Structure formats: structure tokens, C-alpha cells
Novice: 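First the structure, then my questions, so here it is.
Keep in mind that the numbers below use all heavy atoms, side chains included, and drop hydrogens, waters and symmetry copies. Since the model is a prediction, treat every value here as computed from it, not as a measurement.
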Amino acid sequence: MKNGKERIFAAAFAVLAALLLGLAGLALRPARVNYGAVWGPYRAEPADSLDYLYLGSSYAYCDVNPALVYDASGLTGYVLAGPEQTLSQTYYYLKEALRTQSPQAVILEASALHFARYQSYTQINVGYMPFSRNKLAAIFRASEPELRTGLLFELYFYHDRWKQVSPGDVLDTFAPDRTDLLKGYTAVDGLASGLEDGPFRRPTQEEDLYQENLAWLGKILTLCEQEGILPLVVFHPTYSRFAPQVYTQIAADVAALSPSALCLDWSGDFASAGLDPLTHLYDAGHLNRAGAARFSAWLGVYLTRDAGLTPRPQTAENTAARQLLKNVSQRAPQRAAPPRYL
């Protein structure tokens, strides 16, 4: 009997210790408010209020301003992307996102089809996910083995930040989530240089790795089909492009995976959205603030006119909140420069 009580006490102590270590890791982790993996504000969105989710890499969160999509179309959305986010990570992002939202469409910026199995930002992309079975799955199926200890116990990554964290930071960490008027968008200002030699050829991966990425895309498309969601696989206007035959092959592969999915190659189409590479690119890959404004307005029209999306009914409170978005987004402060991926 005594041994049984001791085992119960030991188990309870271990659980309490793990909980305290987890809370300490959260307290020391830097706040995440831009450049993707912005989960806190997403979780504060009213349930089942979004018409679309926008997933992908930095091309998604730098190029798409949901406020201006809304202004052009009335469609509500959120950019739930991450820096250099792999498709395996995106799959678990989508699974987690669908716990609170039931969008009409999922728009996937698909440059990750030619990413490596692991990119440079797993700690950010997976680490900032809400703790759930989807995060645990992402840790063990979409993260480097050497990062798993820190992803499970964040104190491992952030223990040396204790001098940088104020009591106010700790209170903010454990305060209720609040909506973000930028809806996952990060504005960047500046003009690209060196474009006279562009467009530039973007490298591709070996066939076996492409097929692995394609399998993760298939999981995303299957999940959309199961949930009655229209998937759009897209490539944004950019000066960092794959060879034309790569886009052709991707379109064929997407059609084979899901006949209902739309595969849209806008990589070389600046004119439709009224874009000028010399004026609207921040670097060879990303649109700047002015470019994102034009692309987002055009995107809103495309989604309603061509993709057939219609704004869902909203409560008066949600509608009023959305009306604030345009001016706030256009006044968003300039952020530090994102990585210049070519």
C-alpha cells in the first residue's frame, strides 16, 4: 500500500514538474506578432467567421493583406503562414486551424513543393503552434530530431532569456489571446535592387524529395476535400521563379491528386494585378507594402468573381471590427527586413 502511494506521489510530482517547466518556457519565449507563425491572434478570431485561410511561406504573409482582400470582396480571412514553412508543417497547421474555423477555401502558396525536408525555421513554425495533438504530431513527423527536445520543453531553447523578460512580458504571455488587425500580414517597405538581370531561376529539389513534398500536399488536399473546402494551390508574382516546365508538372500533379483543386501560376503575371516589378517588389521574391496592396485587392476580386467565394454572414460586432482593418493595415509600421530568399 505504501509503495502504491509513493508511486502516485512520484507520478504527480513528475506531472507538476513538467507543467512548471512548460510554463517557465512559455514565459521566456519571445512574443510572436509578425513574420508568420502568429497563432495567438488567430485563436482569438470568432469561431467559424473566416471565409478563407491563407497558408504557405513568407510569400504568403508578406504578399497578402487580408484587410484589403476584405475591402475588395467582403471576404474574411487570415494568413496563417510561416517562414520557409514546409508542407509537412503546413499540414499540421491546417489541421490545427480547422479546430476553430470552417473556411470556404484554403489558399496555399506552394513554393514549398521544392523546399528541403527541413528548412531553417522549424523552431518558429512548430514551436509557436498551440499545444495540442497536432503540435505533438508536427514535432515528431515534421521537425528535425535534434530540435524535438526544445520543441517539447521550450525552456531548453529559451532558458538564457530570463534577464530580458520583464513582469509585463510574463503577464502578456498568459493574458487571453487578442485579435490582430493585420490578420497575419507583415508589411515590408523598400524597393528591390539588381532586378536588371532577372527574373531569376529558383532551384528545385531532387525527384524523391519533390515526391515526398507532393505526398504532404496530397494530405492537405485530401483534408480539404473531407471538410468540403475548396483548395487553391498558387504561386505569386515574383522574380524568383521555377522553370516553366516545373509549373506545368506541378499543375498536372495537383490535378491528379485532387481534380477539384485549382492550381494557379501567377509567378510571371504582374500585369493582371497592376504590378510593376521595379515599383512593387521588396526583393526578388516578395512584394513590398505597395505591391501587397495591389495584389490583395486584385486577389479579393479574383476569389469572388472567378473562384466563386461569397462572404459569409457576420455578426454586427464582427462586421464593425472588419471595417477598421483597411486604415490600420495601411498604417502598419515597417517591419525589419525578412530573409531575402531567391
Novice: What are the two closest non-hydrogen atoms of Pro311 and Ser73, and how far apart are they?
Specialist: CG-O, 3.3 Å
Novice: Taking the six-membered ring for Trp, are Phe295 and His286 closer than 6.0 Å centroid to centroid?
Specialist: no
Novice: Is a side-chain donor or acceptor of Thr304 paired with a backbone partner of Gly300 at a separation under 3.5 angstrom?
Specialist: yes
Novice: Does Lys183 come within less than 4.0 Å of Glu45, counting only side-chain N to carboxylate O?
Specialist: yes
Novice: Between Ala116 and Gln205, what is the shortest heavy-atom contact and its length?
Specialist: N-NE2, 3.4 Å
Novice: Once you measure the plane-to-plane angle for Tyr93 and Trp39, does it fall in the parallel (<30°), tilted (30-60°) or perpendicular (>60°) bin?
Specialist: perpendicular
Novice: Counting distance only, does the side-chain N/O of Thr76 pair as donor-acceptor with the main-chain N or O of Asp51 below 3.5 Å?
Specialist: yes
Novice: Assert yes or no for the condition that the ring centre distance of Trp266 to Tyr302 is strictly below 6.0 Å.
Specialist: yes
Novice: A quick test of your reading: do over 12 heavy atoms of other residues, nucleotides or ligands sit less than 6.0 Å from CD of Glu207?
Specialist: yes
Novice: Honestly curious: do Phe115 and Leu87 fall in one hydrophobic cluster under the side-chain, below-4.5 Å linking rule?
Specialist: no
Novice: For a side-chain hydrogen bond (donor to acceptor under 3.5 Å, both in side chains) check, start with the C-alpha distance between Glu225 and Ser258, then their side-chain angles and the critical distance, and finish with the verdict.
Specialist: CA-CA 8 Å; Glu225 182 177 347; Ser258 174; 4.8 Å; no
Novice: Would you name the heavy atoms of Pro66 and Val79 that are closest together and state the gap between them?
Specialist: CG-CG2, 3.7 Å
Novice: According to the interplanar angle, ranging from 0 to 90°, do the rings of Tyr78 and Tyr42 count as parallel (below 30°), tilted (30 to 60°) or perpendicular (above 60°)?
Specialist: perpendicular
Novice: Would a 4.5 Å heavy-atom cut-off, applied to side chains only, mark Tyr118 and Pro145 as touching?
Specialist: yes
Novice: What about Tyr185 and Tyr61, are their ring centers closer than 6.0 Å?
Specialist: no
Novice: If hydrophobic clusters are built from ILVMFWY residues whose side chains come within less than 4.5 Å, do Phe235 and Tyr210 share one?
Specialist: yes
Novice: Check whether Ser296 reaches the backbone of Asn65 with its side chain - one donor and one acceptor, N or O, closer than 3.5 Å.
Specialist: yes
Novice: Do you know which two heavy atoms are closest between Val106 and Cys224, and how far apart they sit?
Specialist: CB-SG, 3.9 Å
Novice: Looking at Glu212 and Arg117, is there a salt bridge between them, counting it only when a charged N and a carboxylate O are closer than 4.0 Å?
Specialist: yes
Novice: Let's go through Ser240 and Thr238 carefully: what are the C-alpha distance in whole Å and the side-chain angles of both, what is the deciding distance for side-chain hydrogen bond (donor to acceptor under 3.5 Å, both in side chains) to 0.1 Å, and is it a yes or a no?
Specialist: CA-CA 5 Å; Ser240 178; Thr238 182; 4.9 Å; no
